[in-house]
Amino acid sequence: MTGRKVIDRTLLILDIFAQRAVSAEGKMQVELAQLKYRYSRLSGMGRSLSRLGGGIGTRGPGETKLETDRRHINRRIGYIKNALKQTGVRRDRIRGARRESDAVTIAVVGYTNAGKSTLINVLCESNLYAENKLFATLDATARRLPFSEGVDVVLMDTVGFIRKLPHQLIEAFNSTLEEIADADMIMHVVDTSDPDMTRHMEIAEELLGRLKATSKPRITVFNKIDVKGFEDVPYDPAFNTKDGTVIPVSAHTGEGVGYLLEELKQIAKAGNVSVRLYIPYSDAGALDHCRKYGTVANVSYEDDCITADVLIPRSRLPKVSAYMIK
């Protein structure tokens, strides 16, 4: 009647994802979701073509086209899955390297367009792509937040959540969503200017449950308080914030970002331990180990040993614990 193409909600979301995909991995993930969506609807398309024909058998051009499309889609799905599997191996290596560096990994999650990328840009002085539109971020991107005292903090930007996220997308973006499950902590960013913010928080909690990440330590950030003041937010502070702590910020104006940085700094310090070491000259290489993984201060070269005050990650402490007693 309208002469316009009619699409359903899932296809609309897939189309938006296709427009936002930038990296090769993101494009493959979107294509995989599109192929799975299309495959489940091929039979309906085939019935619109002729299924009758002369010659041997009764299959007409419609049935032949249906089988050809199925084979092509199956081959393409298999190819993309193998390519994404290789990408997953690379992601595993990157995650392993982050664990080796003792950095605290925080997955920044939340409903789409909550301001996650903008907040990371402000905190890390980075230039992640950020726009006031749905699904501006499709790739899990890491940005390091170094502190002079304590371990580094790595903030992981993730794809935004949405109500009734199509299962094809959840399956296709599984390797990206694994970053959330693997993180040490969760930073849940909430758009306080949205009238449905409480429902958005519930949806985020449901998806975190599907990823088995609800038990992780949590920081809840109420963003966009420049649009709607924190005191005007109709919200129960005990709801879905684990410890009831909420940090109100405005990624746009920078208001409250200092408090959030201080919270992250305390998290970084918690991963370290301060000790005094007495290192024999024969084991002077241990000091290089401390400089590589921690912070060394007040170094004194005495007659029988090197004395140093060291701030080092707890996981690295066993290698130098023998030097804690003179």
Side-chain angles (χ1 to χ4, degrees), residues 103-126 128-132 134-137 140-145 147 152-162 177 179-180 183-209 211 213-270:
V104 178
T105 304
I106 301 179
V108 184
V109 307
Y111 207 80
T112 183
N113 204 32
K116 300 181 291 296
S117 300
T118 304
L119 184 60
I120 292 176
N121 284 339
V122 172
L123 291 170
C124 302
E125 298 181 1
S126 57
L128 292 177
Y129 177 70
E131 280 287 343
N132 183 23
L134 302 179
F135 304 113
T137 299
T141 310
R143 288 296 180 268
R144 188 174 291 266
L145 187 61
F147 290 109
D152 290 350
V153 171
V154 175
L155 300 179
M156 294 294 305
D157 198 6
T158 61
V159 61
F161 298 151
I162 194 170
L177 295 172
E179 298 288 354
I180 299 175
D184 299 312
M185 295 186 67
I186 300 292
M187 182 190 292
H188 184 188
V189 181
V190 183
D191 178 2
T192 58
S193 67
D194 196 299
D196 288 333
M197 59 164 288
T198 302
R199 178 57 183 151
H200 291 176
M201 294 186 73
E202 292 173 348
I203 291 165
E205 195 71 19
E206 290 169 8
L207 289 170
L208 287 174
L211 296 169
T214 53
S215 61
K216 292 181 179 294
R218 187 85 56 92
I219 302 174
T220 301
V221 178
F222 276 8
N223 192 22
K224 304 186 183 182
I225 59 171
D226 56 306
V227 180
K228 190 170 188 176
F230 182 58
E231 63 280 357
D232 297 326
V233 176
Y235 178 72
D236 178 2
F239 178 74
N240 284 348
T241 59
K242 298 301 178 184
D243 59 357
T245 302
V246 175
I247 302 177
V249 305
S250 169
H252 179 65
T253 65
E255 183 182 355
V257 172
Y259 293 104
L260 179 56
L261 272 172
E262 188 60 35
E263 182 73 18
L264 295 174
K265 188 178 294 185
Q266 295 305 317
I267 292 170
K269 285 183 179 180

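Pairing each heavy atom of G256 with each of V249, the nearest pair is O-CG1, 3.4 Å. When all heavy atoms of S250 and V257 are compared, the closest pair comes out as O-CG2, 4.1 Å. Of all non-hydrogen atoms in M197 and T192, the two that sit nearest each other are SD-CA, 3.9 Å. Between L155 and C124, the shortest heavy-atom contact is CD1-SG, 3.7 Å.
Salt bridge annotation for D191-K224: present, with a cationic side-chain nitrogen under 4.0 angstrom from a carboxylate oxygen.
Atom CE of residue M201 and atom OG1 of residue T198 lie 7.5 Å apart, to the nearest 0.5 angstrom. Rounded to the nearest 0.5 angstrom, T105 OG1 and I186 CD1 are separated by 10.5 Å. In this structure, CD on E125 lies 14.0 Å from CD1 on I120, to the nearest 0.5 angstrom. Of the inter-residue distances, the one linking H188 atom NE2 with K216 atom NZ reads 16.0 Å to the nearest 0.5 angstrom. A distance of 5.0 Å separates CG of L260 from CD1 of I247, quoted to the nearest 0.5 Å. The line from NZ of K116 to OH of Y111 is 10.5 Å long, rounded to the nearest 0.5 Å.
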Any chance you could lay out the side-chain contact (heavy atoms from CB on, under 4.5 Å) test for M185 and I219, step after step, and finish with the verdict?
-> CA-CA 8 Å; M185 295 186 67; I219 302 174; 3.8 Å; yes
Do L261 and L145 pass the side-chain contact (heavy atoms from CB on, under 4.5 Å) test, and can you show the C-alpha distance, the side-chain angles, and the key distance before you say yes or no?
-> CA-CA 9 Å; L261 272 172; L145 187 61; 3.9 Å; yes
Can you list the steps and then say if V104 with L264 is a side-chain contact (heavy atoms from CB on, under 4.5 Å)?
-> CA-CA 10 Å; V104 178; L264 295 174; over 6 Å; no
Given the rule in the side-chain contact (heavy atoms from CB on, under 4.5 Å) test, do V153 and M187 qualify, once you have shown the distances and angles that lead to the verdict?
-> CA-CA 12 Å; V153 171; M187 182 190 292; over 6 Å; no
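T214 has its side chain within reach of E205: a pair of non-hydrogen atoms, C-beta onward, lies under 4.5 Å apart.
N223 places a side-chain N or O within donor-acceptor distance of the main-chain N or O of A114, the cut-off being under 3.5 Å.
By the salt bridge (charged side-chain N to carboxylate O under 4.0 Å, His left out) test, R199 pairs with E202, E206, sequence neighbours left out.
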